[in-house]
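Here the structure comes first, spelled out in structure tokens, and everything after it is commentary.
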Amino acid sequence: MKVSTEELNRATLARQLLLEREALDPVEGTRRIVAIQAQQAASPYIALWNRLVDFKAADLDAAFLDGRLVKATLMRFTLHAVHRDDHLPLHTAMQATLRGRLTQSRAGGLPLGDAHDLIPGLLEFTAQPRTNAEIEQWLGEQGDIPGKDVWWGLRSFVPVLHAPTGGPWSFGQRPQYVAAPQPSPYSEELATEALKTLVWRYLEGFGPASMPDVAQFASVHRTRAKAAIAALLDQLIVLEGPAGEQLYDVPDAPRPPAETPAPPRLMAMWDSTLLAYENRSRIVPAEYKSVVTRTNGDVLPTILVDGHVAGLWRPTPAGIEARAFRRQPAKVWKALRSEAESLTTLLADRDPTVYSRYNNWWSKLPSGHTRMLTS
């Protein structure tokens with residue numbers, strides 16, 4: 001079966017709960033969409049507000065606090081919020097990649113074996129939440145070890161979670177780390193099995209997708225992604241993409257018709273939907289890719305119109321402002337205004353100027369059609 005570009009777009013939106021908000025709690029919502037980019041503490045809240053009926057920020061606070069949802073360094077070496085049951089297989093699947101990152105890091109010149117020898121004691125030490133400074137001091141007490149450099153190398157590899165620290169979005173600017181309840185021991189066999197789980201979960205949340213898409217999302221070498229797909233092939237559906245490429249999918253996953261309506265949305269910074277593919281044109285038109293993703297890697301808060309990035313938004317003291325890259329009909333602006341009013345309510349008790357530290361990029365945007373959505 002051949003699928004079109006627009007059918008791929010609608011499949012992604014359906015699985016990411018962006019065709020219609022669903023009546024789920026934040027825990028089940030996160031499990032459904034698999035992984036939420038969480039470099040900026042507010043983004044998981046805005047991501048779930050976009051997807052869930054009657055989303056309440058306090059419910060997400062509670063899920064982070066009691067550990068039903070966890071925040072940790074995972075795919076693409078970036079922070080993600082995931083269901084607690086997903087953390088172990090996702091982290092284990094990335095062990096080879098993370099070990100490579102440790103090898104390449106500036107871990108104080110410490111040999112890889114010596115760095116690994118520190119991990120059991122470090123996990124004991126982080127049985128309760130610890131700050132960067134506390135961990136660096138502990139490492140320095142283990143011998144002639146430059147604690148800051150070693151921790152820089154270890155922290156994306158060691159199975160630790162970010163501990164909630166309070167504040168408007170559960171996690172503040174100064175992270176604290178706590179050992180994961182199920183540390184992921186390394187072995188090639190375990191990592192290989194876990195990668196199959198990661199591939200399956202990825203396809204559930206973002207499929208259909210190609211082998212390069214899988215490798216890009218999972219931050220693994222293409223040979224590993226290819227082997228994981230081959231091991232699952234008798235359980236997967238194989239499709240032909242718009243350019244004749246081979247795509248893979250899980251059975252019975254939604255693939256709505258291309259003409260399925262897609263309502264406008266105000267997306268969070270770094271929303272996973274924009275980042276989950278090697279070829280991002282499924283959601284991000286090629287001409288806007290360099291506008292949406294800055295040279296330093298920041299992925300800006302976007303506007304989706306008909307399922308595709310069509311502009312950007314930002315909070316200002318006067319309200320939420322939007323810039324569309326192309327002229328939009330009145331009905332789109334009306335829908336965006338309704339979204340902005342709902343988002344303003346969410347932000348009011350938390351951080352009305354969310355993302356404002358990134359406002360320097362606004363003056364560098366190409367010309368477009370700018371409107372205040374709220375006032």
Side-chain angles (χ1 to χ4, degrees), residues 8-22 24-39 43-52 55 60 63-64 67-94 97 161-162 180 182 184 193-220 225 228-229 232 235-237 247-255 265 267-278 280 282-283 299:
L8 290 177
N9 172 272
R10 292 316 196 248
T12 295
L13 296 180
R15 298 175 204 199
Q16 287 294 301
L17 312 184
L18 290 168
L19 288 180
E20 185 177 0
R21 286 182 169 93
E22 298 207 19
L24 304 171
D25 63 38
V27 177
E28 179 60 16
T30 301
R31 191 196 67 77
R32 285 274 298 275
I33 64 176
V34 181
I36 307 175
Q37 293 274 155
Q39 291 97 311
S43 286
Y45 291 79
I46 297 174
L48 289 171
W49 161 79
N50 263 305
R51 292 161 164 88
L52 305 183
F55 170 73
L60 183 51
F64 280 131
R68 288 173 293 157
L69 296 179
V70 300
K71 177 177 175 177
T73 298
L74 290 169
M75 290 72 68
R76 302 181 301 284
F77 306 109
T78 56
L79 290 169
H80 284 78
V82 299
H83 192 284
R84 65 183 172 193
D85 293 344
D86 280 329
H87 178 262
L88 179 60
L90 297 185
H91 192 269
T92 303
M94 291 189 60
T97 304
L161 311 174
H162 280 232
Q182 295 177 291
S184 42
E193 285 300 309
L195 183 56
K196 291 192 291 185
T197 300
L198 189 157
V199 170
W200 190 273
R201 292 289 288 126
Y202 168 68
L203 293 175
E204 285 183 320
F206 299 95
S210 67
M211 181 276 292
D213 290 331
V214 171
Q216 190 275 340
F217 177 83
S219 313
V220 298
I229 291 170
L232 293 168
Q235 303 173 57
L236 297 176
I237 296 170
L247 303 176
Y248 306 93
D249 205 2
V250 293
D252 302 322
R255 292 198 299 273
R265 290 284 185 258
M267 304 290 279
M269 285 193 77
W270 293 286
D271 195 286
S272 297
T273 311
L274 278 61
L275 300 171
Y277 307 98
E278 183 194 44
R280 297 179 184 178
R282 183 182 302 205
I283 303 290
V299 181

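Computed from a predicted model, the values in this text were never measured in an experiment. Just the heavy atoms: all of them, side chains too, but no hydrogens, waters or symmetry mates, feed the values below.
Counting only distance, with no hydrogens or angles, the side chain of Arg265 and the backbone of Asn50 share a donor-acceptor pair below 3.5 Å. With Tyr277 contributing its side chain and Phe206 its backbone, the two residues share a donor-acceptor pair below 3.5 Å. Judged purely by atom type and a 3.5 angstrom limit, Gln16 uses its side chain to pair as donor or acceptor with the backbone of Gly205. Counting only distance, with no hydrogens or angles, the side chain of Arg84 and the backbone of Val70 share no donor-acceptor pair below 3.5 Å. In this structure, the side chain of Arg10 does not engage the main chain of Pro254 through any donor-acceptor pair within 3.5 Å. Counting only distance, with no hydrogens or angles, the side chain of Ser43 and the backbone of Met269 share a donor-acceptor pair below 3.5 Å. Between the side chain of Ser272 and the main chain of Gln37, a donor-acceptor pair closer than 3.5 Å is present. A donor-acceptor contact shorter than 3.5 Å is absent between the side chain of Arg15 and the backbone of Arg32.
When every heavy atom of His87 is checked against every heavy atom of Leu161, the shortest pair comes out as NE2-CD2, 3.5 Å. Between Ala81 and Ala38, the closest heavy-atom pair is N-CB, 3.9 Å. Nearest heavy-atom pair, Leu69 versus His83, reported as atom, atom and distance to 0.1 Å: CD2-CA, 3.7 Å. The two residues Leu17 and Gly29 have their closest heavy-atom pair at CD1-O, 4.4 Å. Closest non-hydrogen pair, Arg21 versus Trp49, comes out as NE-O, 2.9 Å. Nearest heavy-atom pair, Met75 versus Ala35, reported as atom, atom and distance to 0.1 Å: CE-CB, 3.7 Å.
Asp271 is linked by a side-chain hydrogen bond (donor to acceptor under 3.5 Å, both in side chains) to Arg51, Thr273, counting only residues two or more places apart in sequence or in another chain.
Taken from CD1 in Ile33 to OG1 in Thr12, the straight-line distance is 12.5 Å, to the nearest 0.5 Å. Of the inter-residue distances, the one linking Leu48 atom CG with Ile36 atom CD1 reads 4.0 Å to the nearest 0.5 angstrom. Distance check, rounded to the nearest 0.5 Å: CD of Gln39 to OG1 of Thr78 gives 4.5 Å. Taken to the nearest 0.5 Å, the CG atom of Leu19 stands 5.0 Å off from the CG atom of Leu13. Interatomic distance, CZ of Arg68 versus CG of Asp85, reported as 12.0 Å (0.5 Å rounding). With rounding to the nearest 0.5 Å, the separation of OG1 in Thr30 from CG in Leu60 is 6.5 Å.
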query: Could you walk me through whether Gln182 and His91 pass the side chain to side chain contact (heavy atoms under 4.5 Å, CB included) check?
result: CA-CA 10 Å; Gln182 295 177 291; His91 192 269; over 6 Å; no
task: Show your working on side chain to side chain contact (heavy atoms under 4.5 Å, CB included) between Val34 and Val82 and close with a plain yes or no.
output: CA-CA 6 Å; Val34 181; Val82 299; over 6 Å; no
Worked verdict on Leu236 versus Val250 for side chain to side chain contact (heavy atoms under 4.5 Å, CB included): CA-CA 5 Å; Leu236 297 176; Val250 293; 4.2 Å; yes
message: Pair Glu278, Asp213 - check side chain to side chain contact (heavy atoms under 4.5 Å, CB included), show working.
response: CA-CA 5 Å; Glu278 183 194 44; Asp213 290 331; 3.6 Å; yes
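Within a 6.0 Å sphere centred on CD of Glu20, heavy atoms belonging to other residues, nucleotides or ligands number 12 at most.
Ring pair Phe217/His80 is perpendicular by interplanar angle, where above 60° counts as perpendicular and below 30° as parallel.
Counting only heavy atoms from C-beta outward, the side chains of Val220 and Leu198 never approach each other to under 4.5 Å.
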